[in-house]
Amino acid sequence: MRDLVAGMRYLGKGQRWVARNGRWWGFGLIPALIALVLYAAVLTVLALWSGDIAAWATPFADGWGSPWQGLLRGLFVALLFAGGLTLSVLTFTAVTLLIGDPFYESLSQKVEESEGHCPPGSDRPLWQEIWIALRDSVHVLLRAAVFGILLFVLGFVPFLGQTLIPAIGFCVSGFFLAVELTSVAMQRRDIPVRERLRLLRGRKALAVGFGTPIVLLFLIPFIAVVLMPGAVAGATLLVRELVPDEEQPPAPDRGEGDAGQDRADAPYGQPGGQPYGQPGGQPGVPGGFGPAPAQFPATPGQQPGAPRSPYPQSGPGPSAGRPPAGW
């Protein structure tokens, strides 16, 4: 349930983002308007010819009397037009994304930059990006068509076909619509379409919560055009949660790092690993850790200019200037 609500929130976040950035909202309307004109023409033709299609598809009902023939063919027309609307909702997004690939790529990139970090895109040419988007859209639509045919057949089941099946159909359509809308940000990350489906199947409630309200809103005339830029923005924000980017911290400076490592790894008494106050190592940098202690006064009998030991005398003899045993 939490993911379901989170998906709806991402839709709202996307719409708020384009509302704050009105120029990008107008920029994203251009491909949606072109696609709207195409789909309006197709649906008009379907509505005009739906009666003839129903008569052609049900020849066995030619001899039926009234009202059974009219009821059967009326149900067929209703299911045909409902299927056409559902298919148009799914393919509208795919076709709009294809028409507006450079538009929505720029919009999605701007959303990611506003969130702090945008993954670098590929260096592929535009025609190759469009070809990959077309191929992935066909892959998704074929999967959606399988579910659509199954739900269309189940729509003839009494009672269930008029109550439960339409609700399931909207949820399935919402899932595949979320797959289509997230393709812009996913493709920038070079995530193949099968991996996208796997990621969204792992968070079905998130995908359904995001896509199903869009499916229902897209059924209202002209709403799809108005909401399309915000839907792409919301899908980009959803992908940022689904596939978080791991930003690598900057590498340390090699000069300082190597020098420090050399001093730490060198054995005691060797260059780069001197104890406190001993000469050697980098000029002006005392060996070991922390500041060098103050110089001790010269011991009686010590030659001028000879190095002074920071350790007290441990007794007479040549070992007087050496550190205590066990250091």
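Keep in mind the model is a prediction, meaning the values are calculated, not measured.
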Report the C-alpha separation of F210 and Y10 in whole Å, then their side-chain angles, then the decisive distance to 0.1 Å, and conclude whether the ring-ring contact (aromatic ring centres under 6.0 Å, His included) test is met. CA-CA 7 Å; F210 178 76; Y10 276 117; 7.4 Å; no
Where do Q15 and A231 come nearest, in terms of heavy atoms and distance? NE2-N, 3.3 Å
I would like to know whether L98 and L134 meet side-chain contact (heavy atoms from CB on, under 4.5 Å); could you show each step before the answer? CA-CA 7 Å; L98 284 175; L134 177 61; 3.6 Å; yes
Check: I214 and L227 side chains under 4.5 Å, non-hydrogen atoms: no
If we ignore hydrogens and angles and just use 3.5 Å, is the side chain of S108 paired with the main-chain N or O of E105 as donor and acceptor? no
Cluster question for you: counting only ILVMFWY and a side-chain heavy-atom cut-off of under 4.5 Å, with indirect links fine, are V37 and I34 together? no
Can you measure from CZ (R9) to CG (L11) and round to the nearest 0.5 angstrom? 13.0 Å
Just so I know, are the side chains of L97 and S183 near enough to count as touching, which here means a heavy-atom distance under 4.5 Å? yes
Residues P59 and R73: closest non-hydrogen pair is CA-NH2, 4.5 Å
Gap separating the CG atom of L80 from the CD1 atom of I53, nearest 0.5 angstrom: 5.5 Å
Go through R135 and H139 one step at a time and tell me if the side-chain hydrogen bond (donor to acceptor under 3.5 Å, both in side chains) criterion holds. CA-CA 6 Å; R135 182 190 63 194; H139 181 89; over 6 Å; no
Heavy-atom closest pair (L79 atom, F156 atom, distance to 0.1 Å) is CD1-CZ, 3.6 Å
Contact check, side chains of V239 and R189, non-hydrogen atoms, under 4.5 Å: yes
Mind checking whether L197 and R143 have side chains closer than 4.5 Å, heavy atoms only? yes
Could you tell me the separation between the CG atom of L43 and the OG atom of S88, rounded to the nearest 0.5 Å? 5.0 Å
Please say yes or no: joined through hydrophobic side-chain contacts below 4.5 Å, possibly via intermediate residues, are I132 and F103 part of one cluster? no
As a quick check of understanding, evaluate side-chain contact (heavy atoms from CB on, under 4.5 Å) for R203 and E241, giving each step before the final call. CA-CA 11 Å; R203 303 283 297 276; E241 177 188 333; 2.9 Å; yes
In terms of heavy-atom contacts, V111 and A233 come closest through CG2-CB, 3.8 Å
Run the side-chain contact (heavy atoms from CB on, under 4.5 Å) test on L200 and L206 for me, step by step, so that the C-alpha distance in whole Å, both residues' side-chain angles and the decisive distance to 0.1 Å come before the verdict. CA-CA 8 Å; L200 289 170; L206 184 68; 5.9 Å; no
According to a hydrophobic-cluster definition based on side-chain heavy atoms being under 4.5 Å apart (Ile, Leu, Val, Met, Phe, Trp, Tyr only), do V215 and I220 belong together? yes
Search all heavy atoms of M228 against all heavy atoms of A32 and return the closest pair with its distance. CB-CB, 4.2 Å
Evaluate the ring planes of F92 and F218, with Trp represented by its six-membered ring, and classify them as parallel (under 30°), tilted (30 to 60°) or perpendicular (over 60°). perpendicular
At what distance, to the nearest 0.5 angstrom, does CZ of F152 lie from CD1 of I165? 13.0 Å
Would a single hydrophobic cluster contain both V42 and I99, if residues Ile, Leu, Val, Met, Phe, Trp and Tyr are joined by side-chain heavy-atom contacts under 4.5 Å? no
If I take atom CG from residue D101 and atom OG from residue S106, how far apart are they, to the nearest 0.5 angstrom? 9.0 Å
Apply side-chain contact (heavy atoms from CB on, under 4.5 Å) to R196 and T182, showing your working. CA-CA 9 Å; R196 299 174 206 170; T182 55; 5.7 Å; no
Is it possible for you to say whether V153 and L72 belong to one hydrophobic cluster, with membership spreading through side-chain heavy-atom contacts below 4.5 Å? no
Taking the side chain as everything from C-beta on, heavy atoms only, tell me whether L242 gets closer than 4.5 Å to M186. yes
Here the pair of heavy atoms bringing V77 nearest to A54 is CG2-CB, 3.6 Å
Can you tell me if F60 has over 12 outside heavy atoms packed within less than 6.0 Å of its CZ? yes
Approximate separation, where rounding is to 0.5 Å, of F76 CZ and T58 OG1: 7.0 Å
Any V95 side-chain heavy atom under 4.5 Å of Y39 side chain: yes
Can a donor-acceptor pair be found, under 3.5 Å and without considering hydrogens, that links the side chain of Y104 to the backbone of G28? yes
Counting only heavy atoms from other residues, nucleotides and ligands, does the tally under 6.0 Å from CZ of R194 exceed 12? no
With side chains defined as the heavy atoms from C-beta onward, is the minimum distance between S173 and T212 less than 4.5 Å? no
Heavy-atom donor-acceptor pair, W24 side chain to K110 backbone, under 3.5 Å: no
